[in-house]
Every structure is written in C-alpha cells, then in structure tokens.
Amino acid sequence: MHKKFDHQAIEKKWQEEWKQAGLNDVGVRDNDKEKEYVLVEWPYPSGNLHIGHWYAFAVPDIYVRYQRMQGKQVLYPMGFDAFGLPAENAAIKHNKNPREWTEQNIEYMKTQLASMGNAFSWDKTCSSTDPEYFKWTQWMFTKFFEEKIAYRGKGVVNWCSSCNTVIANEQVQSDNTCERCDTEIEKKMMPQWMLKITDFADDLIDDLDSLDWPSHIKDAQRNWIGRSEGALISFKLKSDADSSIEVFTTRPDTLFGATYIVLAPEHEMVTKNKSEIKNWDEVEQYIKTAAKTAEQDRLDNTKEKTGVKLEGITAINPANNEEIPVYIADYVLAGYGTGAIMAVPAHDERDFEFAKKFNLPINFVVTEVSEKVDAAGALLINKEGEVLLQKRTKDAPVDPGLITTFGGNIEEGESVVEGLARELREELELDIATNGSTARLLYSVMPKTHAGKKIAVFLITDVDDSALVLHEGESIVKLGSLKDLENLKIQDMSEVIERLVSDGIQTISSNAGTLINSGEFSGLDSEEAKTAITEKVGGKITNTYRLRDWSIGRQRYWGVPIPIVYDPEGKAHPVPQEHLPWTLPEDVDFTPTGEPPLTKSVELKKRTEDIFGEGWTPEVETMDTFVDSSWYYLRYIDNQNDEEFSSMEAQKKWLPVDLYFGGAEHTTMHLLYSRFWQKALHRLGLAEHNEPYKRRINRSLILGPDGNKMSKSKGNVIDPDEQVKLVGADTVKMYLAFMGPYGEVANYPWDMGGIAGLRRFLERVNGLSEHVVDNEDETEEMTHQIHKALKKVTEDVLQFKFNTAISALMVYINEAEKNGLSVQSYDLFLRALAPFAPHLVEDLWADAGRTDSIHQAGWPAYDLDLAADKEVTIGVQINGKMRGQITLAPDATEAEAVAAVQKNEGLLAKIADAEVKKVIYVPARILNLLVNEK
RNA sequence: GCCCGGGUGGUGGAAUCGGUAGACACGAGGGACUUAAAAUCCCUUGCCUUUUAAACGGCGUGCGGGUUCAAUUCCCGCCCCGGGCACCA
C-alpha cells in the first residue's frame with residue numbers, strides 16, 4: 001500500500017530542502033555548461049499573487065527544469081518592479097511611506113512565490129526600488145542626457161487628471177482614457193523630459209528581422225512605429241518669397257495634382273503670418289474650436305470635413321508654378337510629418353472630401369491601366385450620385401437602390417470583360433423591357449473596395465451611346481459603347497478621364513499607376529516619378545514615423561528621481577555619479593495636487609544647494625516606471641556589481657535573453673522601450689548586444705470559470721493560494737499547463753472539473769509504484785510505450801506544447817496501470833514528470849531509495865528504435881472512401897498491404913469481384929484501392 | 001478601411017511537408033463497491049437513419065465552390081469572432 005498524497009507536507013519538505021541545498025541558485029556550479037537565459041516579466045508587488053502570475057511563472061518553470069535536466073546552466077531570475085502609483089495611493093490612504101508598503105508586499109509575495117516551488121535563481125534577484133538598482137537607472141539617464149538621447153523637450157502631453165500626472169502615448173487607451181484609471185485624457189502643453197526613441201525608429205523596425213519572435217508581435221511593433229516612406233517638399237508663399245511651407249507626402253508623384261495646401265490649425269505658420277491673413281477673426285475662431293475639440297472627435301473620420309481658407313495667403317506649386325490656396329483644417333494633425341500637407345483631391349479620399357465641400361479643383365494625374373480584369377460585382381450610379389443598381393441578381397427586377405448580387409457568371413469561352421458586358425446588357429434590356437428603365441444616365445464612381453477586393457465599376461452615359469469602364473484590383477480601364485460591348489478596346493485612359501471630367505464626374509483613386517497631365521513626367525509610372533519629381537522640385541526623400549519620443553517625466557513621488565539639477569540660470573545639469581543614487585527625500589506630502597510632490601521637499605532642495613551651491617534647484621519629477629523595467633534583464637546577470645550596472649563579462653556570458661515569456665499587453669510598450677534602451681546603451685558602448693531578447697513568447701490569459709476576464713466585481717476570481725492549499729502546487733501548475741498550448745493567442749477559462757482531473761492523475765502517479773514489476777518481467781510493448789512517451793514529452797516541451805506532453809504521460813500511465821512497468825521504466829517516468837510535478841516526483845524518488853535530487857538526475861534519454869511502433873493499423877479506402885483497416889509493419893511493402901486485404905474478409909466482401917485498377921499505398925498511412933464499380 | 005490571428009463534439013483541446021478527424025482531459029449516461037453518500041474502479045459517449053442491441057450505411061472540422069485516388073490541411077469566393085493600427089498625408 002502506498003502512502004497518501006499529502007501535498008502540503010511534501011511541498012513544505014522539499015521547498016525547504018531545495019532552499020537549504022541551494023539547488024536552484026545559479027552560482028558557479030554549472031559554469032562549464034551551456035547557458036540558457038529564461039526571462040519572465042518581473043511582477044509589481046501588489047501584495048497578492050493572482051492566477052495570472054502562476055500562469056506566467058509556473059508554466060515556464062517546466063521548460064526551465066527540463067533544460068536544467070538536459071544539462072544546461074539555466075538562469076531563471078525573479079525580482080520586483082516596485083515603483084509606481086498603487087504604492088503611492090496606498091501610502092496616501094494609510095499615511096505611510098510607500099517604501100514601507102512596498103517592502104512589506106515584497107516580503108509577502110516572496111512567500112507566495114515560494115509556494116510555487118519554481119526553480120527561480122534567487123541568487124540573481126533585483127528590485128527596481130532598491131537604491132543599488134535605481135542608482136544605475138539614474139546613471140544611465142545621465143549618460144543619455146550627455147549624449148542628447150534624453151532631452152528637455154516641450155510638447156503636447158497626455159494629462160490624466162485623476163493620476164495627476166503625464167502619461168505616455170502608449171499608456172493612452174483607444175478611447176482616449178488612462179490605462180490605469182480610465183479617466184479621460186487631456187492634452188496639455190508642458191516642458192517634458194523625453195527620450196529620443198524616434199532616433200532609433202529605423203533600427204527598431206529593421207532589426208526585428210533578426211529576432212525569433214512570433215510574426216504578429218513584429219507586425220504590431222512595425223505598425224506602432226508606423227514608418228512611411230515619402231518626401232519633404234517646399235511650397236513657396238506668394239505673398240512672401242522668403243517663406244515657405246514644407247509638407248510631407250508619400251505621393252510626390254502626384255505633385256502636379258496638388259491643388260491646395262492644408263495646415264494643421266496649430267501650425268506655426270498660421271500665427272506667424274497673422275498680419276497677412278485678411279480673415280484673421282474667422283481663422284482664430286476656427287483654431288480655438290479645433291483646440292477644444294477632443295482628440296477623439298478629431299479622429300472620427302466619418303465626420304464632415306471642416307476648415308478655413310487663409311485669405312491673403314497663397315502658395316506656389318513647385319511642379320507647375322501654379323498659385324494655389326492655403327487652408328487650415330483639423331483633419332491635418334500637427335504632430336505627424338510637418339503638420340502640413342499638399343492636397344491632391346484626385347488621388348486621396350480625404351482631400352477629395354474636403355475639395356468637394358470647398359469646391360476646389362480636382363486634377364487627375366495618375367491612371368491605372370493593365371491587361372488584367374477580374375471583376376466581382378458592378379455598380380451603376382446616375383448623375384445625381386444615386387445608386388441605381390448595385391450587384392444585383394439576374395432574376396430580380398431592377399429596384400433602384402437595391403443592393404443585390406450581380407455579375408460573376410462568366411460563361412465558358414468568354415473573357416471576364418465579355419461576360420460582364422453580356423450580363424450588363426441583359427440586365428439593362430430586361431430592365432428597359434420590364435420597367436421602362438430609369439437607368440438612362442449611369443455613372444460610376446467606385447474607388448471603394450469590397451471584402452478586400454476592388455470591385456468592377458461600370459460607367460454608362462446613356463443607353464444608346466454608352467461608355468463602359470471596368471476597373472479592378474491594381475488597375476484596368478476599358479471603354480466602349482453599350483452597343484458594341486463585345487468589341488471593347490482598351491483606349492487611352494486620359495480620354496476616359498477627360499470625358500469624366502467634362503461630364504462633371506470624378507473618379508478618385510489612391511492607387512499607383514501611370515502619370516498623366518504631369519508635364520515632362522507624363523507616361524512615367526508612380527514609382528519612377530516619385531524620385532524624379534522630388535528631385536526636380538528640390539525636395540528630399542525621407543521617412544516619417546507615427547512613433548513619438550518617449551516622455552518619461554511623472555509628477556508623482558514614488559519613482560526614480562530624475563537626476564538633474566538646475567543652476568541659478570535654469571540650465572540643466574546631470575547629477576554626477578558620485579552623488580548617485582540620487583535618493584527620494586522623505587519629507588514629502590504626496591497628496592496629489594497636480595504639483596510634483598518633490599517640489600515641496602526642503603530636504604531635496606537643501607541637498608541640492610549643499611552639493612551644488614546656492615540657488616541651484618533640483619528636478620522634481622520622477623521617472624515613468626517603464627524606465628525601470630527597460631534594463632532589469634541586464635541587472636539580474638550581475639546583481640552584486642557595485643562598480644557597473646552590468647559588466648561586459650556578464651553580458652557576454654548571459655545575453656541576449658534566450659527566451660522571454662510575457663504578456664501580450666507589453667507588445668508595444670515594455671518590449672519596444674527595452675529594445676530601445678538596449679540599442680541606446682549599445683550606441684554608447686555600454687552594452688555588448690544590439691537586441692535584448694532573442695526569442696519572445698506571448699502567453700494567453702486565464703479567464704474565470706464563466707469565461708469572462710477575472711475581476712472582483714464579477715466575482716469570478718480564482719485565488720491561487722486557495723487552490724494550492726486544496727490540491728497542491730503541482731496540480732495547479734500541471735492544470736495550467738494542460739489547458740492548451742502556451743503562447744497562443746487564445747484565452748482559457750478556468751474549469752473546476754479540469755483541475756480535479758489533474759489531481760486524479762497525480763494521485764495515480766502517487767500509487768504507480770504498486771504496479772512496478774522486475775525489469776525482466778516488463779512486456780516488450782510496455783518498454784516501447786515508455787520510450788514513445790519520453791520521445792513525445794521531449795519534443796513537445798521544446799515547443800511549449802505542455803498540454804500534449806502531459807497527455808503523453810497520461811496515455812502511458814493508463815497502460816502502465818494495466819500492464820505493469822519495470823523498475824527501470826518507473827525511474828524514467830518519474831524523471832520525465834519531474835519538471836511538471838517537481839514536489840511529488842522528488843518525494844517518490846526518495847521513496848524509491850534515491851538520495852540525490854531527481855532534478856539533478858538528468859533528463860531521460862529515449863531509444864529511437866524502442867520508441868518506434870512495431871506495427872501500425874492503417875485505414876483502407878476503396879475508391880477514396882474509408883472501408884476498413886489492416887495492421888501491418890510500418891515499413892510493409894505494397895504487396896504485403898494488398899495481401900493483408902486479401903486476408904480480411906470484411907474488406908474482401910466489399911471489393912467482391914470488382915477489378916482493382918490502381919493501388920495507392922503510403923506506408924504507415926493509407927491504402928487506397930481504386931476499383932471498377934460493378 | 002488596412003495589417004495579423006482564429007472558427008474542429010456538450011466543454012478545453014488533439015491531429016495539418018494532404019493520408020483512419022475527435023488523442024488526452026472535463027462533463028454526461030450506465031454499472032460495480034457501500035446501510036448510504038463521497039472517493040475509487042469498469043463500460044458508453046460527434047450527429048443521423050434503422051434496431052432490443054449491434055452490424056451496415058449516410059453525414060460531419062464556419063459557409064459555397066475547386067484541385068486530388070484522398071482535403072480540418074492546398075486554391076478561389078464569402079460569413080463570423082479575436083487582436084493591432086487608423087483623417088498618419
């Protein structure tokens with residue numbers, strides 16, 4: 001009889017034992033082994049471990065323990081990201097110093113973390129609030145300051161009135177609210193400490209190629225950085241030959257079509273030219289209104305365009321020297337590009353909208369022509385812009401405005417154009433016959449896409465003398481009269497355009513194509529024209545980015561003080577290294593007032609004057625906590641070093657991080673910031689590597705049992721401490737690992753029944769010793785089974801498919817309980833389970849008389865021959881239908897397979913006397929017999 | 001609108017260089033043990049037709065087509081869900 005599975009006793013015993021033995025410390029013990037740096041995001045010490053922490057730390061621990069057993073020296077550090085608002089808010093509430101609250105929480109959380117029984121390298125820990133840590137955060141900041149990577153900028157910032165601080169763009173949610181407290185964000189103009197992340201934008205995009213990250217994370221970062229390739233072009237002002245407006249455009253090829261200029265309302269040119277502007281009152285009024293309009297409303301692109309013309313100011317289009325008007329409009333953003341655009345209404349939808357409203361000229365300068373046609377629908381619009389027929393079916397009578405399906409049925413031998421032409425003619429004939437059609441004048445303007453495909457567009461001037469334009473995908477233009485649709489000929493697009501324009505019809509398209517109406521550049525295609533035209537007008541090919549510089553100043557207390565002091569003239573100076581850490585003063589009232597709490601510190605002011613002299617003042621802002629976490633992986637590896645933040649030697653040994661597990665929410669924040677930080681250090685010669693993380697795995701979310709995100713208000717929170725007490729750490733860990741593959745973009749609901757299943761499994765493991773037989777008494781099949789399981793587990797763990805790895809162990813135990821397993825196999829099985837259920841397995845290992853730790857016993861190697869199946873059952877198909885199965889050696893020949901069928905009565909009966917024409921046999925997969933049907 | 005993912009039993013999920021769909025687990029149903037319950041063990045469990053039962057057969061991986069001896073897997077079109085970006089010139 002085996003002993004009871006007393007998880008509480010086992011966990012306590014072995015956690016203590018491992019700690020005593022320093023089993024999980026990295027130390028120097030394994031210095032000669034291959035290194036592997038496995039990183040998980042350090043937690044904020046909120047004082048309570050939640051199930052997400054378990055998922056984040058305990059599941060990767062399987063991989064860590066596996067690699068250690070494989071003989072690697074694995075660094076798996078844990079620390080605390082402990083600055084930030086919750087501590088400060090708690091401090092306000094309890095009238096304590098946030099440090100006290102934080103340190104208490106860290107101590108408590110350490111005990112919770114210990115309950116996981118993870119193989120954390122506690123000898124390599126660090127915490128962001130430790131002065132020995134933030135001393136280096138400050139030191140790096142001063143280096144960045146010296147190199148102008150950190151600078152005092154002035155700009156529009158996101159202000160959260162509830163947190164009483166500035167927050168970064170990345171921390172503003174899509175509905176313009178604060179990430180922390182959901183308060184609506186206001187825009188404020190303030191001096192700001194900034195980090196020049198935009199300087200690294202190209203590298204941040206280009207170096208993604210070298211990283212072994214899931215492509216969706218790379219895509220998200222590229223998207224976030226938002227590089228646009230284009231040109232800067234100067235437009236001279238007519239009123240004042242010396243001044244000009246610079247615009248950014250991605251389409252310099254359309255310069256000849258630029259019929260006006262639009263500036264953002266905040267553009268400096270506006271106030272600078274106040275005296276020139278005749279309608280200043282109106283302009284000023286518009287600027288005021290625009291400033292008041294919430295960012296959100298401005299971003300609502302369904303809203304009708306607004307703007308005001310700057311009377312008295314005109315610009316010269318450098319391509320054709322034409323005089324064009326200048327507007328201000330809020331659809332142009334001050335913070336992107338130059339805050340000014342050249343408007344090309346013929347080839348940009350937004351400009352088109354604006355031009356329509358203000359009755360501005362539209363010049364077509366690009367056509368799309370190609371030989372390829374493949375249409376999916378049709379649209380007919382009359383002169384008034386009313387939709388008469390759109391994608392309608394053949395049988396339905398014409399119902400103006402009705403949207404149904406049309407087209408697509410191309411008959412054999414017809415080209416797509418011919419087919420559509422025929423169908424359209426039939427439609428119209430039917431229409432005229434049945435309804436005495438109203439569809440006399442039909443025009444089409446169809447720059448839209450439908451389901452990702454450009455759809456066909458028809459243009460018909462009237463029934464007797466019609467023109468037809470087909471237009472699809474990248475390009476195509478065909479023109480003909482309705483009478484001879486069969487004899488369509490490709491004609492010059494300019495003819496179509498002229499006709500469209502003379503008829504007052506605009507067809508706008510933002511696609512590339514061939515230039516028309518562009519002087520010497522007509523006939524070039526867009527790509528060639530971009531550089532040629534830019535060159536001609538003295539413009540500059542350049543990139544622009546969506547990414548803004550990182551504003552890191554926070555007007556709160558509990559953060560790293562920005563190590564800057566100002567001389568009596570107000571010039572900023574970095575605090576020299578000898579005075580670091582530049583600590584937080586204690587004499588502060590941190591009740592939020594909107595003023596940084598450090599402003600009122602007498603101690604800080606006195607310290608500054610004592611060191612630097614009278615009249616010197618300290619910087620009173622603290623740093624964004626994302627700064628702290630931008631370099632923690634560098635500190636872990638050399639956490640005792642008081643000479644450097646991290647020695648080159650340590651960096652060479654440990655970096656880059658081999659594997660970084662973390663949450664999807666950090667994709668465009670922490671992950672981007674720390675890549676930037678590493679690159680900045682690298683540029684300064686302080687870091688060995690250019691990228692911090694070689695491989696990244698984003699994990700999914702654990703949902704409540706009801707399938708919703710866990711939250712106190714929903715009452716669906718699973719408390720890990722409670723679960724651990726109930727079923728044990730090993731069970732909780734294995735259950736989390738068993739839910740589904742790790743690192744997928746899928747969220748798993750917690751299932752009470754599911755966790756009970758894992759507990760049952762471990763109970764069976766606990767009793768497995770009763771099924772152990774002498775080595776020579778194990779069946780061949782069972783020897784095969786253990787090696788097969790080992791192979792599967794080994795392969796799956798490397799791919800983070802812990803769920804199927806566990807499944808393989810379950811399959812094995814099902815067999816072992818039935819058929820018995822040898823002493824040898826029991827040993828192998830325990831070792832394979834060790835990373836998953838470290839406590840129980842260690843205990844069973846000791847029970848089996850072993851005095852070493854199973855975690856140092858080495859990963860069980862499998863024998864490929866033993867793991868291979870001796871025979872396989874394959875499906876037999878007759879004419880492609882599954883009709884039975886046969887069992888063969890995996891490498892059986894076709895003749896052997898057919899012979900097996902001959903011996904199978906059921907299958908023979910199905911073939912009967914039909915003639916077998918062909919045999920398709922894929923060894924170990926399928927046998928398909930093609931026979932003549934009788 | 002653009003860019004990524006993803007749709008498989010009652011549930012979580014297996015299986016994709018095309019080759020017996022539903023491993024493993026949960027849940028459910030039935031049985032054993034028990035005075036009883038819990039726990040444990042055994043059996044059944046994609047759907048449909050038929051049947052005491054089974055066999056046989058048919059259908060089945062979001063929908064509609066296609067390629068193939070063979071499609072969850074490849075191709076075309078569509079629908080739905082999740083994530084990122086978005087008046088970014």
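Nothing here was measured: the structure is a model prediction, and the numbers come from that model. Atom set for the values below is all heavy atoms of this structure, side chains included, hydrogens, waters and symmetry mates excluded. Within every chain, numbering begins at 1; the chains are lettered A, B, ... in the order of the sequence lines, protein sequences first and strands thereafter.
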**Q** Checking base pairs now: Watson-Crick or wobble, both atom distances under 3.5 Å. What partners B:G64?
**A**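 Paired with B:G64, as far as the under-3.5 Å criterion goes, is B:C76.
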**Q** Going by purine N1 to pyrimidine N3 plus the second Watson-Crick contact, or the G-U wobble pair, all under 3.5 Å, which nucleotide sits opposite B:U52?
**A**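 Pairing partner, where one exists within any strand: none, as none qualifies.
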**Q** Measure from the side-chain heavy atoms of A:Ser807 and tell me the nearest of B:A23, B:G19, B:A89.
**A**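 Out of B:A23, B:G19, B:A89, the nucleotide with an atom closest to A:Ser807's side chain is B:A23.
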**Q** So does A:Lys792 pair up with A:Glu795, basic N to acidic O under 4.0 Å?
**A**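 Result for this pair is no, no salt bridge flagged.
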**Q** Using Watson-Crick or G-U wobble geometry with both distances below 3.5 Å, tell me the partner of B:G5, or none.
**A**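 B:G5 is paired with B:C81.
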**Q** Work out how far the C1' atom of B:G66 is from that of B:C80, and round it to whole angstrom.
**A**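 23 Å, rounded to whole Å.
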**Q** Base of B:C69, side chain of A:Asn928 - is there a donor-acceptor contact under 3.5 Å?
**A**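 Side chain to base: pair found, below 3.5 Å.
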**Q** Which nucleotide, if any, forms a Watson-Crick or G-U wobble pair with B:U11, using both distances under 3.5 Å?
**A**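 Matched B:U11 with B:A25 under the 3.5 Å cut-off.
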**Q** Could you check whether A:Arg222 gets within reach of a base, just the sugar-phosphate, or nothing at all, counting any heavy atom under 4.0 Å?
**A**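 The residue A:Arg222 makes no contact with any strand.
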**Q** Heavy atoms under 4.0 Å, any strand shown: does A:Gly337 hit a base, just sugar-phosphate, or nothing?
**A**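 No contact.
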**Q** Is the phosphate of B:G82, meaning OP1 or OP2, less than 4.0 Å from a side-chain N or O of A:Asn747?
**A**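 No.
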**Q** Would a 4.5 Å heavy-atom cut-off, applied to side chains only, mark A:Pro318 and A:Ile233 as touching?
**A**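 The answer is yes, as the side chains (C-beta and beyond) meet within the 4.5 Å cut-off.
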**Q** Could you please name the partner base of B:C87, counting Watson-Crick and G-U wobble pairs only when both distances are under 3.5 Å?
**A**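 Here B:C87 is not engaged in any pair, so there is no nucleotide opposite it.
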**Q** Work out how far the C1' atom of B:A21 is from that of B:A71, and round it to whole angstrom.
**A**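 Taking atom C1' in both B:A21 and B:A71, they lie 11 Å apart.
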**Q** If you compare every side-chain N and O of A:Tyr336 against the phosphate oxygens of B:A89 (OP1, OP2), does one of them come in below 4.0 Å?
**A**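 Checking A:Tyr336 against B:A89: at least one side-chain N or O falls below 4.0 Å of OP1 or OP2.
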**Q** Is the closest basic N to carboxylate O distance between A:Asp209 and A:Lys218 below 4.0 Å?
**A**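 A salt bridge is absent here (no side-chain N lies under 4.0 Å from a carboxylate O).
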**Q** Tell me whether the rings of A:Phe354 and A:Tyr331 are parallel (<30°), tilted (30 to 60°) or perpendicular (>60°).
**A**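 Aromatic pair A:Phe354/A:Tyr331 classed tilted.
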**Q** When you measure from the side-chain N and O atoms of A:Lys918 to the phosphate of B:U68, is any distance below 4.0 Å, counting only OP1 and OP2?
**A**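 It does not, given that no N or O in the side chain of A:Lys918 lies less than 4.0 Å from OP1 or OP2 of B:U68.
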